[in-house]
Structures are given as structure tokens and as C-alpha cells.
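Just so it is clear, the values below take in all heavy atoms, side chains as well, and ignore hydrogens, waters and symmetry mates.
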Amino acid sequence: MALNLPQKIGALTTITPGDHVGTTVRKPSIAPMSGANMRCGILASGETEALTPPLSPCPCRSPIRTDLAVACQALTTDRTAETSPDVQVQEQKHLSEVPKGEGVPVYVMLPLDTVKPDGSLNRKKAMYVSLMGLKNAGVKGVMVDVWWGLVEKDGPTVYNWNGYTELMEMAKQVGLKVQAVMSFHQCGGNVGDSVTIPLPRWAVEEMEKDPDLCYSDQWGRRNYEYVSLGCDTLPVLKGRSPVQCYADFMRAFRDQFASYLGNTIIEIQVGMGPAGELRYPSYPELNGTWKFPGIGAFQCYDKYMRSSLQAAALETGKPEWDHSGPTDAGGYNNWPEDTDFFRKEGGGWNGQYGEFFLSWYSQMLLDHGERIVSAASSIFSDRPGVKISVKVAGIHWHYGTRSHAAELTAGYYNTRFRDGYLPIARMLARHGAVFNFTCLEMRDCEQPADACCRPEALVKQVASAAKEAGVRLAGENALPRYDETAHEQVLNAATSGDADDKMVAFTYLRLNPELFKYENWKKFVAFVEQMRKGKAQSREVVEREAELFVQATSPFVQEAGVALMSA
């Protein structure tokens, strides 16, 4: 029978040297640290050790704690060491073994630069320490971006999986599940992008030779975040179409990680646009092009999109409508009422032309999603225990207006008079994919009122569409939040209603040093417990147990935070 929280805390606090807590740990070959009160960290000249908290002075430290200290010291003394922890998890008791009940499992997103440009695993020792911390806190698993721009950068169909292989093995040893994101987009230029990882150089070369392979706006601005869906099926990337490239990548991933699929790797999230989301790059932050809460701009001015629009106009019997999109829809940072197309009264969005254009624009996005999710479903269909998921953006600004302008430019034909998420949900349901949605942590009252932000109403609409279509729903937070208000909002959104309405998973943004700060970590542990238990147990009880657990393991957690910061 699994131990409850107080029992586990007691087990953690009564460990004596030589005990192994059901786990065999073989330490990497690293020179021992001097001094009884070991620390880890990198100090500049004249600095104090403010960022390197001491270990507990208690002589009765567990072998796991000591091993984490050694791993942290290894990180600071030899960052390029290739030795990774060799751990065989047998029957160690973790918070994650508390009965799940009717709750929602929590995953944590790993850093964007988990794999280095050379293809090796970044911050190995810090990653190991962090994964152990997440496992002990009851986290189900982690999410990691598998970057097209890193794995296949050396040439078409030349794949380097080394760093990801190390990570999967580490997750397996620790006992965490993995959500692997097939990231066919550029990292850099969107909210939260802390590093830049471009598309494979050989693909960018083709885009530079033919700029119409890029999404384009009406002012001729080209976007290199993702190959335009207008050329999805054309052999424009060294003889292969973009969809063929994505399918070949996923097939190679399947073959490389066959032994992990279904046991360690339990989800493949398929990237379908900028930030990995099924949408157009209508609100790029790069170079200050867009700022919240601008309405964004339509992305249909490359020659491939124009050709498709022209064919649609001719088929409709309106050849005059082939001019590549509305000319009165304003710019990236306009508001709906600044434009003739999106304004409330008499706006073109609600006219005959607007209906034609928006139907075509959104259908192109749906067709793009269907092509890729169909390929993914086929490739992983013989892997039991692996589900496919697709991420949809939570565009909540101007949701309270009639036109929903920001959603329309992104490709979601959602207005006061039309449900734009039900067609997406039905498309995903046809392939048994999970509908992954963002902004679960947001409340209406926290947003600028004049921008008509309605994240709560948007989440409810998407949940309703998923339920009607019979598709499973999962969620993420859009921005890093560590406060109880955000946690409570996620809990309500993810676990409300009957069993059929509960989300299948929630993925927390993101693993970083801030998460391991004492107060943040304490709240996070309580949040994970309450998500897994649902609302069967009161928040006060869960928080009290979580605080005891965090106190017992605080040195362990401090080292995880310091290791990440030092790395």
C-alpha cells in the first residue's frame, strides 16, 4: 500500500547513512568536496555565497541527498563532463505514489535549451537533480521540445538524437513520463522564448532562395518561424514537401526511441505552427512587430497562399475577391474599432466577403492540421500507450468584442456568431488526438478591461467544444505563475464538472530556478497534490502536508535551484 504524505515525510526524516530507501545509487566518478558543510555554486570575485545555501547540518543525511550534492558540485567544477548519473530506481516511495483518485496528473515543461546546439544534453547534473525533485513532489512527468532545427540541422534526413537519448534514459531511471513535442518551428520571437533555435539551415536556405516559402503579411514582411502552410504538399525543401519532412522526422523519432514509446514516452505533441501551436504567426514579438493587446495581421500574402485564395474566389464565382485578404484590417497593433474590417457596427468581418475570406483562411489552417495529425497518427498507431496531442493558442484579448479580431488573424474563425473551436475539436477527434489548450491560469479580472480580455470564457468555450466533439482536453498555463490564485484557477478549470469533463493532463510552465525557491516550491507541491486528488481533500489539509514535506526536503530542493542557476 502506498504511504501517505506524513508517513513518507517520516521516512525521509529518519534516514541514516547506509540506508538506501529501496534505491540503488551509484555515484559518478567525481572528486570529493572538502568540508563537512558542502556547498555548490560559482562565485565571482568578492561575492558572498548568497546563492549557495548550505546543506542541512544534520549528520543524518540520506544517501540521495549526498549524491545530489556531489552532482551539484560536479556541475560547477566540470560543466563539460560527459558522465551522467547512473541510477537504478527499484521501489522508492514518492509523493506520486499517493492514489490518484479522480484528479489530473501534472507534467512540467523543461527549459527550451535542454539540448545544446551541438546535440548533447545541456546541464546534465542540474537536470538529474531537478528531475529527482519533480519526481519526489508527485509530478507525473516532463514535457520537452524536440527541435527540428537541432536534430536535423546537419542535412536532410541526417538526425542527431544524442541529447534526447540521454534525457529519455534519465527520465526512465528517475521514473518520470515524457511528453515529447515535435517542434517544427523556430524558437525565438514569441512570448517566453529565452533562446534562439532557428529552423534547419538547409531549410532556411530554401526559404531565402524562395521567400514565398515564408508566411508574409500585406506589407511584405516575411516570417521565418515556420514554413508557410501554403506549400505543405509541394517538394520545396530539397525535393521533399514540408509535410514529408515532418513525417520523416517523426518516423525517425519513432524508430530511435522505440524502446521508450508507451512506457517512458507516453505522448507526442505535434507542432503545427509558431510556438508549436496550430495557428498563423499573426502576432510576432520579434523586433517589436506586435505588442499585447494588438489584433495582429493576416498572414496570407505569399504566392502559394495567394494562389489558393484565387482558386477559392473563382470557385465561388467572385474572382474580384482574390486580392489576398482584407485591405482595411489595420495593422499588428491596432484595436478592432481602429479598423473598418473589425469594427463592431458594419465591419467587413460580418459581411459576405468577410465570411468568404475567413472561411477560406481558417479552413487552410484546419487542412494543415489534418495533414500533420493524420501523418502522426499513422506513424505512431502501432505504439500502444502513446497518444497524439495538438496545441491551440489561448488568444483571449478582444474576445469580448463581436469580431474577436485577434483570433481571426490567427486563423480561428471564432466570433460572437460562430464557434471557431468546434471544427478544430472535431478534426482532432477524427484522429483520436488530445486537444491541448493554454491560458488556464488566467482570470478575467487580472486583464486590462479595455482590451476586452475574457480568458475564463474562452477556456469554457473550448471545454464545451471538446466535450461536444468527444475529444480529450489537456491544458497548460500561458505565462509563468507561482501564486495560489493561479493554481486555484487551473484547479477549477482542469477538475470541474463530472469525470468526463476533467482534463487528461496539465503541463506546468516551466522548470527554472524560480520554481525551486522555498515559497514557490511549497505552493507547487500543494498544487500538484490537489490536482491529482481533485477536490476530495481540502486545500488546507493538502497545504499543511505539503509544507511538512517541503521542510523535510528543503536542502534537496535548494540544490536543484542552485544547480539550475549555476548552469
Chemist: How long is the span from the SG atom in C445 to the CD atom in E456, to the nearest 0.5 Å?
Modeler: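 Taking SG in C445 and CD in E456, the distance rounds to 6.5 Å.
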Chemist: Look at the side chain of R371 and the backbone N and O of D232, then say whether any donor-acceptor pair between them is shorter than 3.5 Å.
Modeler: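 Judged by distance alone, no pair lies under 3.5 Å.
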Chemist: Checking T409 side chain against I295 main chain: does a donor-acceptor pair fall under 3.5 Å?
Modeler: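 Yes; judged by distance alone, with no hydrogens or angles, the pair exists.
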Chemist: More than 12 heavy atoms of other residues, nucleotides or ligands under 6.0 Å from CD of Q352: is that the case?
Modeler: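 No, the 6.0 Å shell around CD holds no more than 12 heavy atoms from other groups.
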Chemist: Closest heavy-atom contact between R532 and P105?
Modeler: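 Of all heavy-atom pairs spanning R532 and P105, the closest is CG-CA, 4.4 Å.
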Chemist: Run the side chain to side chain donor-acceptor pair (under 3.5 Å) test on Q461 and Y399 for me, step by step, so that the C-alpha distance in whole Å, both residues' side-chain angles and the decisive distance to 0.1 Å come before the verdict.
Modeler: CA-CA 11 Å; Q461 181 188 352; Y399 182 89; 2.5 Å; yes
Chemist: So which atom in A410 and which in L365 form the shortest heavy-atom distance, rounded to 0.1 Å?
Modeler: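 A410 and L365 have their closest heavy atoms at O-CD2, 3.8 Å.
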Chemist: Would you say L112 and I197 make side-chain contact, with heavy atoms under 4.5 Å?
Modeler: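 SC-SC contact between L112 and I197 ruled out.
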Chemist: Can you tell me how far apart OG1 (T233) and CG (D367) are? Round to the nearest 0.5 Å.
Modeler: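 Here the rounded value is 10.5 Å.
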Chemist: Determine whether a donor-acceptor pair (N or O, by modelled atom type, separation under 3.5 Å) exists between the side chain of N477 and the backbone of L509.
Modeler: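 It does hold such a pair.
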Chemist: Please determine whether side chain to side chain donor-acceptor pair (under 3.5 Å) holds for the pair E225 and N223, giving the CA-CA distance in whole Å, both sets of side-chain angles, and the decisive distance to 0.1 Å.
Modeler: CA-CA 6 Å; E225 293 180 68; N223 188 302; 2.9 Å; yes
Chemist: Tell me whether the rings of F527 and Y508 are parallel (<30°), tilted (30 to 60°) or perpendicular (>60°).
Modeler: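 Geometry flag for Y508 against F527: tilted rings.
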Chemist: For the side chain of E441 and the backbone of A478, is there at least one donor-acceptor N/O pair under 3.5 Å apart?
Modeler: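 Yes; at least one donor-acceptor contact below 3.5 Å.
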Chemist: Show, in sequence, the C-alpha distance, side-chain angles and deciding distance for K391 and V181, and conclude whether the side chain to side chain contact (heavy atoms under 4.5 Å, CB included) test is met.
Modeler: CA-CA 10 Å; K391 184 176 176 182; V181 184; over 6 Å; no
Chemist: With distance as the sole test, does N520 use its side chain to make a donor-acceptor pair with the main-chain N or O of F516 at under 3.5 Å?
Modeler: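 Answer holds: no.
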Chemist: List the steps, then state whether ring pair (Phe, Tyr, Trp, His ring centres under 6.0 Å) holds for Y421 with Y412.
Modeler: CA-CA 7 Å; Y421 299 99; Y412 307 149; 5.5 Å; yes
Chemist: List the atom of A493, the atom of M503, and the distance in Å for their closest heavy-atom pair.
Modeler: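 Residues A493 and M503, closest heavy atoms: O-CE, 3.9 Å.
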Chemist: Determine the sole option in F298, Y301, F356, Y413 for which the ring-ring contact (aromatic ring centres under 6.0 Å, His included) test with Y361 is passed.
Modeler: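 Single ring-ring contact (aromatic ring centres under 6.0 Å, His included) partner of Y361 among F298, Y301, F356, Y413: F298.
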Chemist: What's the separation between atom CE in M272 and atom CZ in F184, rounded to the nearest 0.5 Å?
Modeler: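 These two atoms lie 9.5 Å from each other.
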Chemist: I'd like to check L167 versus T114 (side-chain heavy atoms, cut-off strictly below 4.5 Å). Are they in contact?
Modeler: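 A side-chain contact exists here, since the closest heavy-atom pair is under 4.5 Å.
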Chemist: Which is it for H487 and Q530 under the side chain to side chain contact (heavy atoms under 4.5 Å, CB included) test, yes or no, and what are the steps along the way?
Modeler: CA-CA 10 Å; H487 293 165; Q530 199 159 19; over 6 Å; no
Chemist: Check for a donor-acceptor pair, side chain of N512 on one end and backbone N or O of E514 on the other, with a separation under 3.5 Å.
Modeler: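 Yes, the answer is positive, given that a donor and an acceptor are paired below the 3.5 Å cut-off.
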Chemist: With heavy-atom distances below 4.5 Å as the criterion, would you say the side chains of N350 and S403 are in contact?
Modeler: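 No, every pair of side-chain atoms sits at 4.5 Å or beyond.
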Chemist: Report yes or no: does N333 contribute a side-chain atom to a donor-acceptor pair with the main-chain N or O of T289 at less than 3.5 Å?
Modeler: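 Confirmed, N333 side chain pairs with T289 backbone.
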Chemist: Taking the side chain as every heavy atom from C-beta outward, state whether L440 and Q489 have any atom pair closer than 4.5 Å.
Modeler: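 In short, these two side chains do not touch, never coming nearer than 4.5 Å.
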Chemist: Locate the shortest heavy-atom distance separating F435 from L473; write the atom from each residue and the value.
Modeler: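 Closest pair (atom of F435, atom of L473, distance): O-CD1, 3.1 Å.
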Chemist: Would you call E370 and R430 a salt bridge, using N to O less than 4.0 angstrom?
Modeler: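 Here E370 pairs with R430 in a salt bridge, since their nearest N and O are under 4.0 Å apart.
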Chemist: Are side-chain heavy atoms of S377 and V373 found at a separation under 4.5 Å?
Modeler: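 Yes, their side chains come closer than 4.5 Å.
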Chemist: Have S389 and N436 got a donor and an acceptor in their side chains that come within less than 3.5 Å?
Modeler: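 No pair is found: no donor N or O on one side chain lies under 3.5 Å from an acceptor on the other.
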Chemist: Do you know which two heavy atoms are closest between A297 and W219, and how far apart they sit?
Modeler: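 Here A297 and W219 meet closest at CB-CZ3, 3.8 Å.
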Chemist: Distance-only, no hydrogens or angles: does the T438 side chain make a donor-acceptor pair with backbone N or O of G394 under 3.5 Å?
Modeler: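 Indeed, once roles are kept as given, a pair shorter than 3.5 Å links the two residues.
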Chemist: Output yes when a side-chain donor or acceptor of R251 lies under 3.5 Å from a complementary backbone atom of A376, and no otherwise.
Modeler: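 No: the side chain of R251 does not pair with the backbone of A376.
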Chemist: State, to 0.1 Å, how close P455 and C453 come at their nearest heavy-atom pair, and which atoms those are.
Modeler: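 Shortest heavy-atom contact: CD-C, 3.5 Å.
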Chemist: Classify the ring geometry of Y226 against Y215: parallel below 30°, tilted from 30° to 60°, perpendicular beyond 60°.
Modeler: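 Rings of Y226 and Y215: parallel, under 30°.
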Chemist: State the CD-CH2 distance between Q186 and W148, to the nearest 0.5 angstrom.
Modeler: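 Interatomic distance, Q186 CD to W148 CH2, rounded to 0.5 Å: 12.0 Å.
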Chemist: Taking the side chain as every heavy atom from C-beta outward, state whether P284 and Y332 have any pair of such atoms under 4.5 Å apart.
Modeler: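 With C-beta onward as the side chain, the pair touches.
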Chemist: Check the surroundings of atom CD in E315: do more than 12 heavy atoms from other residues, nucleotides or ligands lie under 6.0 Å from it?
Modeler: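 Not more than 12 within 6.0 Å, no.
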Chemist: Is the gap between the ring centers of F341 and W349 under 6.0 Å?
Modeler: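 Between F341 and W349, the centre distance exceeds or equals 6.0 Å.
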Chemist: Apply the test side chain to side chain contact (heavy atoms under 4.5 Å, CB included) to residues M143 and V108: give CA-CA distance (whole Å), side-chain angles for both, the deciding distance (0.1 Å), then the verdict.
Modeler: CA-CA 6 Å; M143 172 180 280; V108 174; over 6 Å; no
Chemist: For V178, which of V142, V146, L110 qualifies under side-chain contact (heavy atoms from CB on, under 4.5 Å)?
Modeler: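 Exactly one candidate clears the test, V142.
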Chemist: On the 0 to 90° scale, with breaks at 30° and 60°, tag the H398-W335 ring pair as parallel, tilted or perpendicular.
Modeler: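 Correct class here is perpendicular.
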Chemist: Do P111 and L511 touch side chain to side chain, with heavy atoms closer than 4.5 Å?
Modeler: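 Heavy-atom side-chain distance check passes, below 4.5 Å.
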Chemist: If you measure only the distance, is there a donor-acceptor pair under 3.5 Å linking the side chains of Q244 and D248?
Modeler: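 There is no such pair between these side chains.
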Chemist: How many angstroms lie between OG in S130 and CG in L515, if you round to the nearest 0.5 Å?
Modeler: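 One finds 9.0 Å between OG of S130 and CG of L515.
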Chemist: Could you check whether W290 and Y283 have their ring centres less than 6.0 Å apart?
Modeler: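 Yes.
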Chemist: Begin with the C-alpha distance, continue with both residues' side-chain angles, and end with the deciding distance and a verdict on salt bridge (charged side-chain N to carboxylate O under 4.0 Å, His left out) for R306 and D322.
Modeler: CA-CA 7 Å; R306 290 201 310 268; D322 70 350; over 6 Å; no
Chemist: Please test D302 against S228 for side chain to side chain donor-acceptor pair (under 3.5 Å), starting from the C-alpha separation and ending with a verdict.
Modeler: CA-CA 8 Å; D302 63 78; S228 170; 2.9 Å; yes
Chemist: Counting C-beta onward and ignoring hydrogens, is there a side-chain heavy-atom pair between W321 and L309 closer than 4.5 Å?
Modeler: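 Counting from C-beta outward, W321 and L309 never come under 4.5 Å.
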Chemist: For side chain to side chain contact (heavy atoms under 4.5 Å, CB included), just list the numbers for F253 and I265, CA-CA rounded to whole Å, side-chain angles, deciding distance to a tenth of an Å, and then say yes or no.
Modeler: CA-CA 11 Å; F253 179 90; I265 303 171; 3.9 Å; yes
Chemist: In Å, rounded to the nearest 0.5 Å, how long is the span from CD of E337 to CD of E345?
Modeler: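 One gets 8.5 Å once the value is rounded to the nearest 0.5 Å.
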Chemist: Is the side chain of Y164 donor-acceptor paired with the backbone N or O of F257 at a distance under 3.5 Å, no angle test?
Modeler: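 Pair absent, no side-chain N/O of Y164 close to backbone of F257.
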